[in-house]
**Student:** 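Have a look at the structure that comes next, please.
Throughout, numbering of the chain's residues begins at 1 and tracks the sequence. Order of appearance sets the numbers: ligands from 1, and atoms from 1 within every ligand.
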Amino acid sequence: MGSLRFGRDLIQLEEAQERVLRTVRVQPAEQVRLEEAMGRRLAVEVSADHSVPHFRRAGVDGYAVRAEDTASATGGAAVSLEVLETIPCGTVPTQRLAPGQASRIMTGAVVPEGADAVVMVEMTDRQELAGKEAGLVVEIRKAMAPGENITAVGQECGEGEKLLAAGTVIGPGEAAVLATFGYSMVPVFVRPRVAIFSTGAELLPVEETLAPGRIRNSNSYMLACQVRESGGEPSIMPILPDEVEQVQAELLAALSWADIVITTGGVSVGDKDVLVELFERWDGELHFNKIAMRPGSPTSFGQWRGKPIFALSGNPGASYVGFELLVRPYLRKALGAVDPLPQTGTAFLDAEYRKGSAYPRYVRGTSRVEAGQVKVRPAGRDKSSIMISIKDADCLICVPAGGRGAEQGELVRTISLQQH
Ligand SMILES: Nc1nc2c(c(=O)[nH]1)N[C@H]1C(S)=C(S)[C@@H](COP(=O)(O)OP(=O)(O)OC[C@H]3O[C@@H](n4cnc5c(N)ncnc54)[C@H](O)[C@@H]3O)O[C@H]1N2
Ligand code: MOO
Ligand SMILES: [Mg+2]
């Protein structure tokens, strides 16, 4: 039995997170088409290289006028103005308004010089005059205030304004900004390639028929989803047996192309806990192999050939939580996030949690808002070996170390899940 198996140094989760984040190298950038940039993280800061809007923009279909010309207009006593021209969207007005003049204008078109308001067409009547006074006249039935129905230059944003920080996840609003400023190609961080290995002689590939003592490999698929959600490119690798030679060879092979390796299982104190065996004989660097947390206390992390290896516990609950607390922050930082650690909040515990523990516990929780208060309860049976309740969790409930657990109604700290 090697020394790592029992003689492990216990560290706090915060220390483990720090050790993980210290090793992160930010990913290189690549250019992708704007329509393919959704969900990616921006690799550059984006500033406005022009004001928005960059011309005075009509906000309604109607008539551009001089507000002072309309001062006396009411429903009963309209003001008549001479119509100079029609200004459709995408064109530039050719004439400046003088007193007594108006121009027909469409929503989104350039407001002509001289005009300082746009009257909705519903507040006007048109007249075609004949004879000596031939021409088009518009009757305005509403007094306008200067600036009414006009979006001023730079009202949305001024030239030079910083709009998107590097590391921002590109969603609908960001895509609209990028399009506005001409980014047909967008510099984004390259997705880290993540090799996912599950270890254990009991594991069956998903397509196999159940057999006595065997279970299907669920961790790899769960983790692949977590990797994808975090912006990584997962590869589900073949199941590894509890044979250290083979595990060593397969992980080394993966390190030649993957940016990150994740394993599950084989990190505890069982006879066949093969990752422990590997860490005893490899030429890599082990940064920790025991964290004061439940689930996932034997979670281990090291670097081999300069690449990070996360060895998560095999128990599905521990694997899931280990990823959220350690791997997701790594991926987020590698993709330029400035705040890689999960967001925390508080909520009222809606059920008692009587399970005390020597280590802080991260209990899968389901939260809801009731009468303006966030309430949270355990998502189901919360044992690290239980897989079924993972799907119901939207947060982790932090239960401090100690023999007491937590009371119903107590304000508890929570960690949000499923962020990018
Ligand atoms: N004597 C002790 N026994 C255990 C301790 C301990 O401190 N002393 N720690 C327990 C804790 S805590 C955990 S967590 C587990 C960690 O176990 P391993 O990481 O070594 O994982 P395995 O032994 O390989 O498997 C544990 C469990 O999970 C199932 N499993 C594994 N891989 C998968 C997969 N890909 N998909 C679905 N399920 C998987 C496996 O069949 C086992 O049931 O050790 C405790 N024991
Ligand atoms: O890693 Mo274990 O989950 O602490 O039960
Ligand atoms: Mg084990």
**Student:** Closest non-hydrogen protein atom to atom 19 (O) of ligand 1, residue and atom name please, with distance?
**Tutor:** Gly314 N, 2.8 Å
**Student:** Would you confirm whether Arg104, through its side chain, and Gly62, through its main-chain N or O, come within 3.5 Å as a donor-acceptor pair?
**Tutor:** yes
**Student:** Tell me, please: is Gly266 in heavy-atom contact with ligand 1, that is, under 4.0 Å?
**Tutor:** yes
**Student:** Under the criterion salt bridge (charged side-chain N to carboxylate O under 4.0 Å, His left out), I'd like the reasoning laid out for Arg126 against Glu139: C-alpha separation, chi angles, the key distance, then a yes or no.
**Tutor:** CA-CA 6 Å; Arg126 249 162 99 98; Glu139 295 192 331; over 6 Å; no
**Student:** Which one of Ser313, Ser385, Ser384, Ser319 satisfies the side-chain contact (heavy atoms from CB on, under 4.5 Å) criterion with Pro295?
**Tutor:** Ser384
**Student:** Is any N or O atom of Ile215, backbone or side chain, closer than 3.5 Å to an N or O atom of ligand 1?
**Tutor:** no
**Student:** May I ask you to identify, for Thr264, whether its side chain, its backbone, both or neither come under 4.0 Å of ligand 1 on a heavy-atom basis?
**Tutor:** side chain
**Student:** Please list, in number order, the atoms of ligand 1 under 4.0 Å from a heavy atom of Val269.
**Tutor:** 1 (N), 2 (C), 3 (N), 6 (C), 8 (N)
**Student:** State whether the shortest distance between N or O atoms of Ser268 and N or O atoms of ligand 1 falls below 3.5 angstrom.
**Tutor:** yes
**Student:** Any side chain to side chain donor-acceptor pair (under 3.5 Å) involving residues 143-171? Give me the pairs, sequence neighbours left out, ordered by first then second residue.
**Tutor:** Lys142-Glu148
**Student:** Looking only at protein heavy atoms, identify the closest one to atom 41 (O) of ligand 1 and say how far it is in Å.
**Tutor:** Glu202 OE2, 2.6 Å
**Student:** Nearest heavy atom to atom 23 (O) of ligand 1 wins, so pick from Asn315, Asp273, Thr263.
**Tutor:** Asp273
**Student:** Does atom CZ of Arg214 have more than 12 heavy-atom neighbours from other groups under 6.0 Å away?
**Tutor:** yes
**Student:** Identify the protein atoms, limited to N or O, that lie within less than 3.5 Å of an N or O atom of ligand 2, and list each pair with its distance to 0.1 Å.
**Tutor:**
{"unit_1": "ligand 2", "atom_1": "1 (O)", "unit_2": "Gly296", "atom_2": "N", "d": "2.5"}
{"unit_1": "ligand 2", "atom_1": "1 (O)", "unit_2": "Ser297", "atom_2": "N", "d": "3.1"}
{"unit_1": "ligand 2", "atom_1": "3 (O)", "unit_2": "Gly296", "atom_2": "N", "d": "3.0"}
{"unit_1": "ligand 2", "atom_1": "3 (O)", "unit_2": "Ser384", "atom_2": "OG", "d": "2.7"}
{"unit_1": "ligand 2", "atom_1": "4 (O)", "unit_2": "Arg294", "atom_2": "NE", "d": "2.9"}
{"unit_1": "ligand 2", "atom_1": "4 (O)", "unit_2": "Gly296", "atom_2": "N", "d": "3.1"}
{"unit_1": "ligand 2", "atom_1": "4 (O)", "unit_2": "Ser297", "atom_2": "N", "d": "3.4"}
{"unit_1": "ligand 2", "atom_1": "4 (O)", "unit_2": "Ser297", "atom_2": "OG", "d": "3.4"}
{"unit_1": "ligand 2", "atom_1": "5 (O)", "unit_2": "Ser384", "atom_2": "OG", "d": "3.1"}

**Student:** Taking the minimum heavy-atom distance to atom 12 (S) of ligand 1, which of Gly317, Ser218, Gly265, Ser297 ranks first?
**Tutor:** Ser297
**Student:** Which of these, Thr199, Asp242, Val244, sits in a side-chain contact (heavy atoms from CB on, under 4.5 Å) with Lys272?
**Tutor:** Asp242
**Student:** Considering the heavy atoms of Asn217, write down every atom of ligand 1 situated less than 4.0 Å from one of them.
**Tutor:** 34 (C), 35 (N), 36 (N)
**Student:** Under 4.0 Å from a heavy atom of Ser313: which atoms of ligand 1 are those, numbered in the order shown and with their elements?
**Tutor:** 14 (S), 19 (O)
**Student:** State, with a plain yes or no, whether a side-chain heavy atom of Leu81 is found less than 4.5 Å away from one of Tyr63.
**Tutor:** no
**Student:** Any side chain to side chain donor-acceptor pair (under 3.5 Å) involving residues 338-358? Give me the pairs, sequence neighbours left out, ordered by first then second residue.
**Tutor:** Arg332-Asp339, Asp350-Arg368, Glu352-Arg354, Arg354-Glu407
**Student:** Should Ser384 be counted as touching ligand 1, given the test is an N or O pair under 3.5 Å?
**Tutor:** no
**Student:** Quick one: does ligand 1 sit under 4.0 Å from the side chain of Ser198, the backbone, both or neither, non-hydrogen atoms only?
**Tutor:** side chain
**Student:** Does the N or O separation between Val267 and ligand 1 drop below 3.5 Å for any pair?
**Tutor:** yes
**Student:** Tell me which protein heavy atom sits closest to atom 33 (C) of ligand 1, plus the residue, atom name and distance to 0.1 Å.
**Tutor:** Asn219 ND2, 3.2 Å
**Student:** ring-ring contact (aromatic ring centres under 6.0 Å, His included): which pairs involve residues 157-196, sequence neighbours left out?
**Tutor:** His50-Phe181
